[in-house]
There are 2 protein chains.
Amino acid sequence: MAHSVQNVRPAMQAATVISIRDLQTRCSRCGIREMCLPVGLDADALRKLDGVVTARTRVRKGQAVYRAGDAFTALYAIRLGTCKTMVLASDGREQISGYHLVGDLLGLDGIAHERHECHAVALEDTEVCVMPFDHLEELARAVAPLQHNLHRFLSREIGREQHLMLMLGSMRAEARLAAFLLNLADRYRMRGYASTEFVLRMTREEIGSYLGLKLETVSRLFSRFHAEGLLQVHARTVSKLDLPALRTLAGIC
Amino acid sequence: MAHSVQNVRPAMQAATVISIRDLQTRCSRCGIREMCLPVGLDADALRKLDGVVTARTRVRKGQAVYRAGDAFTALYAIRLGTCKTMVLASDGREQISGYHLVGDLLGLDGIAHERHECHAVALEDTEVCVMPFDHLEELARAVAPLQHNLHRFLSREIGREQHLMLMLGSMRAEARLAAFLLNLADRYRMRGYASTEFVLRMTREEIGSYLGLKLETVSRLFSRFHAEGLLQVHARTVSKLDLPALRTLAGIC
DNA sequence: CGGAGGTTTGAAAAGAGTCAAAGGTCGTGG
DNA sequence: CCACGACCTTTGACTCTTTTCAAACCTCCG
């Protein structure tokens, strides 16, 4: 299996020289900061947060950002790319618990036991910003808006999972897939991408795992949705999503 | 429907007089503080936290601590009793997302949007401590161990929900019920109660809702577990749980 | 261009849901 | 203290969704 990303700062670094790495890890210069942890922070706070991001790491498709059982040291913000998180049962079963896009924070479940509870794996070549958590906590004590952002991200993750639980616990297969597609459409839209056309970065099996379904069921549903004119699907590309019809199917009134 | 609990501090209160309310809301004197937010805090920090708890409120069986849509102002710690949390779908479906015991924190999902996303309802007469969140954040900035505890509770909730998702997404009905009973047994044991005998505070329908099953399925499973000697069940009292056998059934190796 | 990995589709089986009816349990009020 | 009623639970018979097993087909990367 792929090795986890290390969040080691280069050993020696002259304090007064602005290195390329420094330039590359600045939230204050980052184009996606308004959909990431720094959202809404003022210039002063941003400057301080720049000091927390120790690295911006490239994670290749299939490689792990971290693995379940790894010591928890940092949170990871997705700057570019897509990741999945997978929870593990003690008997080896594993299930995809999240499909994370640009601006999402990874590793929040690791704080409680100082150990990551799931794998986080890149679904395409990805770049993550590494934020050592003790340093982040320290800064959060000094900067109230940052503290509140952190709390909001933690809380949002709880809400996200509750939503998923509702889906897994009380929706039928077709409603789950419709809700999944709508959720993606929404998140792509919020990030400025087309909401009725995108490339799924997951296999049918991964989508099934996320939705609590078997890959054959997912495949059949895509075929049926296609036949019913709810979308076009060709391999992993979906397009021409009929969002209102999908909403009806998902039971979203 | 029952009204939500108000967390209003009595309007006027002489600063130097220790009122009965003050005495009643002190974490520093609370018997369950080591399984609640103050876990591990030193005397000084405890004293400061005393000032955050504005009230200790009685919530009668069936009454709501808060309801979905209520403005989020505070977290609630269960001092006595049991609560369920229920998430709501836009089409009116509702699902139980949590079964909360003494020492658990309620309201964590409300931080993100400053609005509670679920109902929290007492399953028996219950007492909750009200902790206004802005005040708690303020204190967390001053007291690092409290800050870390808050982060751990938030993170633990994320982990708890991931566990539940795994259950809803990839376990069969019998394994879900076994895992549910084992989880309860564990949590009662941690709180110093018997782990092989307890009273369920939920109806079959509520258990089913929590596990993504219909009430008839839950009832049949209880009957079958009883017939197979895995437990004794009489109405809501379960006893003589065969924990190892339940573990096998739940797929916990 | 070959092959591994991913996808589609069919047929049969299993699991859980639905509908229905009867039997318990518990709290309230007489 | 008992009886009533509301609500909860159990059980059976049947239905329907989803899974399982199997085979063939695509697609994309090296």
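So that the names make sense, note that chain A is the first sequence line, chain B the second, and so on, each numbered from 1.
Checking the phosphate oxygens (OP1, OP2) of C:dT9, a side-chain nitrogen or oxygen of A:S223 falls inside 4.0 Å.
Evaluation of the side-chain hydrogen bond (donor to acceptor under 3.5 Å, both in side chains) test over residues 181-194 of chain A, restricted to residues two or more places apart or in two chains, returns A:D104-A:R187, A:D104-A:R191, A:N183-A:R187, A:D186-A:R189.
Near-neighbour residues of DNA chain D inside residues 202-210 of chain A, defined by a heavy atom below 4.0 Å, are absent.
Separating the CZ atom of A:R224 from the P atom of C:dT8 is a distance of 15 Å, rounded to the nearest angstrom.
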Under 4.0 Å protein heavy-atom contacts per nucleotide of nucleotides 13-28 of chain C, with B for base, S for backbone only and - for none = --SSSBB-----S---
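With sequence neighbours excluded, no residue satisfies ring pair (Phe, Tyr, Trp, His ring centres under 6.0 Å) with A:Y99. Looking at residues two or more places apart in sequence or on another chain, you find a ring pair (Phe, Tyr, Trp, His ring centres under 6.0 Å) between B:F72 and B:H116, B:F133. With sequence neighbours excluded, the residues forming a side chain to side chain contact (heavy atoms under 4.5 Å, CB included) with B:S155 are A:I111, A:A112, listed by chain and number. Taking A:E206 as the reference, A:K84, A:I96, A:L123, A:M202, A:T203 meet the side chain to side chain contact (heavy atoms under 4.5 Å, CB included) condition, with sequence neighbours excluded. Under the ring pair (Phe, Tyr, Trp, His ring centres under 6.0 Å) criterion, B:F225 pairs with no residue, sequence neighbours left out.
The residues B:D125 and B:K61 are annotated as not salt-bridged, no charged nitrogen and carboxylate oxygen being separated by less than 4.0 angstrom. A salt bridge is defined here as a Lys NZ or Arg NE, NH1 or NH2 lying under 4.0 Å from an Asp or Glu carboxylate O, and B:R115 with B:D70 fails to meet this definition.
Distance alone, capped at 3.5 Å, is enough to place a donor-acceptor pair between the A:T126 side chain and the A:E124 backbone. In this structure, B:T85 contributes its side chain and B:G98 its backbone to a donor-acceptor pair below 3.5 Å.
Contact record, B:A250 with B:L182: CB-CD1, 4.0 Å, taken as the closest heavy-atom pair.
Helical stems in DNA chain D, defined as runs of 3 or more consecutive Watson-Crick or G-U wobble pairs with donor-acceptor distances under 3.5 Å: C:1-30 with D:1-30.
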With a cut-off of 3.5 Å and sequence neighbours excluded, list every side-chain donor-acceptor pair involving residues 231-239 of chain B.
none

Under 3.5 Å, which donor-acceptor pairs link side chains of residues 163-175 of chain B to any protein atom two or more places apart or in another chain?
from	atom 1	to	atom 2	distance (Å)
B:S170	OG	A:R93	NH1	2.7
B:S170	OG	B:L166	O	2.9
B:E174	OE1	B:R224	NH2	2.1

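Bracketed by its first and final contacts, the part of DNA chain D lying under 4.0 Å from non-hydrogen atoms of chain B reaches from D:dC8 to D:dA13 in 5' to 3' order.
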